Amino acid sequence: MPFLAIDIQRHSQIESVAIDFANRRARFAMAVPIGVRGSDLVFQRGNLEVRGLHSFATETPCKLYQQELPLGLWVTSDGPFPDPRASTTLAMPAGLPENAFCHYLFISNTNSFIVFAGDTAEFHWNE
């Protein structure tokens, strides 16, 4: 199974997720840290596009989503799934095509995981 060739930066924020089941696509709108100004992280926005979506699952949050500043879900860990370091109740979907990938995101401010599988994924910066 291929590895998702996207390196999601630690402390990226997911601002929204759009899932198009009919066209088998998912789009994660993200704010990605690109530097530091003073003592604050500087973010640039972009989208992680997953095509050929085979599966999308989220764990029930262990903590309620709060309106912390900055807003969004904080991704503090990610990688190919399954991963023995990822302690989650989610399982990899059965019967994935040989060319598909399965990837997890750990969301620290809800203490929960998102796991998705697809054929391709690309990240594009917003203009």
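Everything quoted here is computed from the prediction, not taken from an experiment.
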For side-chain contact (heavy atoms from CB on, under 4.5 Å), just list the numbers for Val36 and Leu41, CA-CA rounded to whole Å, side-chain angles, deciding distance to a tenth of an Å, and then say yes or no. CA-CA 4 Å; Val36 177; Leu41 287 173; 4.0 Å; yes
Arg51 meets the side chain to side chain donor-acceptor pair (under 3.5 Å) criterion, sequence neighbours left out, with none
Under a 4.5 Å cut-off applied to non-hydrogen side-chain atoms, are Phe106 and Asn111 in contact?
yes
Residue set satisfying side chain to side chain donor-acceptor pair (under 3.5 Å) with Thr58, at least two apart, ordered chain then number -> none
Would a 4.5 Å heavy-atom cut-off, applied to side chains only, mark Phe123 and Val32 as touching?
yes
### Query
Can you check whether Glu49's main-chain N or O pairs, donor with acceptor, with Asn47's side chain at less than 3.5 Å?
no
Taken in chain and number order and not counting sequence neighbours, the residues that satisfy salt bridge (charged side-chain N to carboxylate O under 4.0 Å, His left out) with Arg27 are none
The salt bridge (charged side-chain N to carboxylate O under 4.0 Å, His left out) partners of Arg85 (sequence neighbours excluded) come to Asp83
Residues 99-115 vs salt bridge (Lys or Arg N to Asp or Glu O under 4.0 Å), sequence neighbours excluded, gives none
Margin query: Counting the benzene-type ring for Trp, do Phe28 and Phe116 have ring centres under 6.0 Å apart?
Written below: yes
- Item | Evaluation steps, side-chain contact (heavy atoms from CB on, under 4.5 Å), between His54 and Leu96 | CA-CA 7 Å; His54 296 288; Leu96 283 179; 3.6 Å; yes
| Heavy-atom distance under 4.5 Å between the side chains of Met92 and Phe81, does that happen here? | yes
- Give the ring-plane orientation class for Phe113 versus Tyr104, where under 30° counts as parallel, over 60° as perpendicular and anything between as tilted. tilted
Side chain proximity check, Pro80 to Cys102, heavy atoms < 4.5 angstrom:
no
- request: Would you confirm whether Glu122, through its side chain, and Leu48, through its main-chain N or O, come within 3.5 Å as a donor-acceptor pair?
  value: no
Hits for salt bridge (charged side-chain N to carboxylate O under 4.0 Å, His left out) against Arg24, two or more places apart or cross-chain, chain-then-number order -> Asp119
